[in-house]
Undergrad: 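Below is one structure. I have some questions about it.
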Amino acid sequence: MKTFSLPSEGPKERPDFLAQLNAQQKQAVTHTDGPLLIVAGAGSGKTRVLTYRIAYLLQQYKAAPEQILALTFTNKAAREMKERIKDLIGDKAGKLWMGTFHSIFSKILRFEAEKIGFGSDFTIYDTSDSQTVVKQILQELNFDTKEIKPKTIHNKISDSKNQLITADTFQEKFISSTLDDITARVYSIYNKRLKQSNAMDFDDLLVKPIELFQKHPDVLEKYQDRFKYILIDEYQDTNHAQYKVTKMLADKYQNICVVGDDAQSIYSFRGADISNILNFKEDYEEATQVPLEQNYRSTKAILQCADSIIKRNTKQLDKTLWTEQGYGERITLLENFDERDEANRVASHIQNLKMRHGYKNNDFAILYRTNYQSRVFEESLRRKDLTYQLVGGLSFYQRKEIKDVLAYLTLLVNPHDETNLLRIINEPSRGIGNKSIQDLLGQARDEGRSIWSIIQNVESLDVYKPAKARVREFVDMINRLRNNLENGETLTDTTKAVLEQSGYMKALVEENSQESMMRRDNIIELQNAISYYERGAKNASLSSFLQEISLITDQDKFDEDKPAITLMTVHASKGLEFPVVFIVGLEENLFPVGARQNFDVDIEEERRLFYVAITRAEERLYFSHCRSRFKFGEETRQARSRFLEEVDAGVVQTETGATITQKKDRFSDDGNSSGSDYTVDYDWKESRTKKTHRSPSATIHYDYEDGEDPFQVGVRVEHKKFGPGKIISRSGSGTDAKVVVFFKNRGQKKLMLRAAPLQVID
DNA sequence: GTGCTCCATTTTTTT
DNA sequence: AATGGAGCAC
């Protein structure tokens with residue numbers, strides 16, 4: 001990270017920070033009033049501009065800290081910005097309203113919840129909670145959740161919410177298929193169910209404020225007056241709801257400053273609408289646009305590479321990135337046999353760079369398109385004793401045991417939360433089976449009350465008798481714990497009591513497996529987090545702790561100072577920078593991802609994603625791809641990514657320093673080419689998948705005991721596709737054994753013994 | 001009502 | 001390959 005320090009003497013009456021900005025940055029900082037669009041290219045000092053702008057507003061007495069609202073996409077970005085502002089203006093920076101859209105608006109909702117019929121202790125449902133609710137509703141409506149996927153329906157509901165389409169509107173206007181029909185029915189029940197549970201989903205955190213402001217203009221005005229200046233980071237990734245709610249807030253003073261880069265818009269899958277930034281100037285007529293075009297991050301080679309990619313996209317705002325830095329190193333292309341080869345090669349390069357050029361672990365990032373690619377890299381790095389940090393994947397707070405414990409805690413502040421109640425009413429098993437639960441649910445539905453309220457009098461209900469006593473005990477336990485909490489018990493003690501009285505810890509101890517030990521460790525870690533929170537937070541309360549952690553994301557645990565190699569998705573890398581970057585898995589149907597049933601691939605977005613990845617690099621950049629890869633337990637032939645054909649070949653070299661060869665015009669621009677005509681020296685024409693171990697012709701080759709394997713150098717063989725040939729060399733062993741065969745008609749090829757349809761000719 | 005085994009599905013990206 | 005769900009036996 002490039003840091004710079006300010007003169008530290010005395011009170012900062014007139015800090016000289018403007019002198020440290022270039023002309024464009026200075027304009028962006030000092031243009032304080034009225035709408036402003038900052039088009040910030042990658043690495044152009046955007047964060048510096050935002051922080052200085054806030055410092056400048058304060059210094060000019062334009063606003064008090066609590067009158068400034070700064071919205072970011074990650075907590076990390078907010079925290080970092082807050083730190084930097086603190087360096088400029090001191091502790092009053094703590095009063096700034098700075099955070100993610102979701103966290104800021106959940107705070108506002110907490111204050112105003114009653115006005116829209118919620119309690120301030122509402123639960124925030126994450127995606128899996130939401131899907132659970134949808135699934136339940138589908139089952140109640142007698143749909144087969146195998147055919148009608150809860151995930152699909154929830155996605156549709158979520159998309160609708162992000163576009164501010166209510167359940168009613170959806171019902172009236174947006175039905176064009178049976179799936180929509182089902183969605184419409186589920187959507188409105190889903191909303192009622194959440195409300196009854198006093199719960200909001202992620203989307204509600206953006207939608208409900210709009211509802212609130214529309215119903216209560218006085219409340220809107222209160223916040224309009226409070227937030228005299230509004231700043232929004234990553235504006236290209238805002239969705240319609242975010243656009244709308246900030247437009248409402250900015251309406252009175254029009255002091256809205258948005259920063260973004262249309263070339264880095266990579267979240268359309270969750271409703272981000274690139275037209276928000278493209279149309280900003282039409283939207284706010286008085287708007288000024290300032291571009292930030294000087295890149296301070298990367299070498300010329302890297303920028304040139306990035307530019308050669310992004311210029312293939314059609315829709316773009318005007319800007320030209322340039323840098324004063326030198327040309328630097330060319331980009332190195334790593335060609336690998338399979339993903340293990342890839343991981344090892346990357347790890348070796350890291351070792352080499354550390355040795356030869358003095359890089360440290362935290363100078364490196366390995367970026368991939370999908371989380372599942374991380375595993376092999378972890379293995380390779382571990383084997384080479386290289387420390388790494390994995391960002392993303394299954395987060396701590398999504399683990400079953402953590403969600404369970406949090407469900408108990410949630411019930412203590414919001415017992416009407418049905419999803420969390422159902423989650424733990426029989427966890428650990430306490431004799432309340434599915435039948436009983438369904439009976440209870442049925443009666444709750446009939447009376448239109450929450451399950452919690454009806455089980456207060458479980459004795460009078462029509463339920464399997466032995467279960468009644470168990471429910472009674474459960475209810476008493478929760479009430480007891482609630483009471484203690486209300487009487488001022490600490491969160492730490494409450495948590496401890498939950499773990500004891502629920503029998504959750506006991507069950508884990510009794511199981512006494514490796515698995516259960518890990519779960520216990522995780523729960524202890526949660527306990528630590530709770531005590532830590534309790535000691536640190538000003539107004540510590542269980543309910544605010546729970547709301548806070550439900551908005552914590554995986555990137556928040558990324559630590560740039562930790563001496564570790566960073567492994568993460570390209571999405572997660574946005575906003576970060578590293579001296580050395582490896583972009584791996586550059587293969588068709590991986591990066592760019594392959595089309596799936598529900599989802600067309602937006603090839604321009606994939607390209608922007610690739611652009612984001614490239615522009616993370618400061619000094620050295622590596623591209624990597626595999627010819628073969630295991631997917632779903634099957635070996636798949638992988639064609640090289642079209643992006644490697646698009647990139648300016650002049651800035652790329654192979655490991656041996658050779659220039660790369662490309663096949664121009666291999667792909668049409670519709671993004672639907674299969675890439676099947678791609679060939680490398682191994683000439684694997686087909687990119688279809690093949691079972692590795694089931695097909696008879698494939699199995700025979702690796703079932704041999706030592707010494708029996710007939711595929712030795714010099715042996716004549718016949719290949720199903722390539723015809724007759726002769727083995728000229730051999731490498732690897734066991735299932736990794738490979739041979740190079742010279743085929744009469746096809747030339748030399750390297751084949752994996754366990755997979756290739758080869759037979760010995762006598 | 002509980003727990004085990006087999007099977008099917010997954011792998012886009014995240015607040 | 002790995003996970004979670006459904007179905008089945010106790």
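All figures in this text were calculated on a predicted structure; none of them were measured in a lab. Residue numbering restarts at 1 for every chain, and letters A, B, ... go by the order of the sequence lines.
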Undergrad: Send over the distance from A/Glu339 CD to C/dA1 C1', rounded to a whole Å.
TA: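 Rounded to whole Å, this separation is 11 Å.
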Undergrad: With a 6.0 Å cut-off (strictly less than), is the heavy-atom count around CZ of A/Phe111, excluding the residue itself, greater than 12?
TA: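 It does not: A/Phe111 CZ has 12 such atoms or fewer within range.
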Undergrad: Under 4.0 Å between a side-chain N/O of A/Asn426 and OP1 or OP2 of B/dT2, yes or no?
TA: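 True: A/Asn426 side-chain N/O within range (under 4.0 Å) of B/dT2 OP1/OP2.
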Undergrad: Can you measure A/Glu378 atom CD to C/dA1 atom C1' for me and round it to whole angstrom units?
TA: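 For the pair A/Glu378 CD and C/dA1 C1', the rounded distance is 14 Å.
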Undergrad: Given side chain to side chain contact (heavy atoms under 4.5 Å, CB included), test A/Ser550 with A/Tyr397 step by step and report yes or no.
TA: CA-CA 8 Å; A/Ser550 49; A/Tyr397 290 102; over 6 Å; no
Undergrad: Name the residue from A/Asn313, A/Asn276, A/Ile277 that meets the side chain to side chain contact (heavy atoms under 4.5 Å, CB included) definition with A/Asp262.
TA: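 Only one option passes, and that is A/Ile277.
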Undergrad: Name the residue from A/Val581, A/Ile583, A/Val570, A/Thr566 that meets the side chain to side chain contact (heavy atoms under 4.5 Å, CB included) definition with A/Arg616.
TA: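 That would be A/Val581; it is the only one of A/Val581, A/Ile583, A/Val570, A/Thr566 passing the side chain to side chain contact (heavy atoms under 4.5 Å, CB included) with A/Arg616.
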Undergrad: Mark yes when over 12 heavy atoms from residues, nucleotides or ligands other than A/Lys82 sit less than 6.0 Å from its NZ; otherwise mark no.
TA: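 Result for NZ/A/Lys82: enclosed.
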Undergrad: Taking B/dT13 as the reference, what is the distance to C/dG4 when you measure between their P atoms (whole Å, please)?
TA: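 16 Å, rounded to whole Å.
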Undergrad: Quick one: A/Lys403 NZ to C/dG4 C1', roughly how many Å, whole number?
TA: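 In whole Å, C/dG4 C1' and A/Lys403 NZ are 15 Å from each other.
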Undergrad: Looking at A/Ser436, I'd like to know whether one of its side-chain N or O atoms comes within less than 4.0 Å of OP1 or OP2 on B/dG1.
TA: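 A/Ser436 to B/dG1 OP1/OP2: side-chain N or O found under 4.0 Å.
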Undergrad: How would you list, by chain and number, every residue that makes a salt bridge (Lys or Arg N to Asp or Glu O under 4.0 Å) with A/Asp439, sequence neighbours excluded?
TA: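 In terms of salt bridge (Lys or Arg N to Asp or Glu O under 4.0 Å), with neighbours along the sequence ignored, A/Asp439 is linked to A/Lys435.
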Undergrad: Which whole-number value in Å describes the distance from A/Glu427 CD to B/dG1 P?
TA: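 Taking CD of A/Glu427 and P of B/dG1, I get 15 Å after rounding.
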Undergrad: Starting at CD of A/Glu511 and ending at P of B/dG3, how long is that distance when rounded to a whole Å?
TA: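 Whole-Å distance recorded here is 10 Å.
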Undergrad: Can you give one letter per nucleotide of nucleotides 6-15 of chain B, 5' to 3': B if a protein heavy atom sits under 4.0 Å from the base, S if only from the sugar-phosphate, - if neither?
TA: ----BBBBBB
Undergrad: Can you measure A/Asp338 atom CG to C/dA1 atom C1' for me and round it to whole angstrom units?
TA: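 In whole Å, C/dA1 C1' and A/Asp338 CG are 15 Å from each other.
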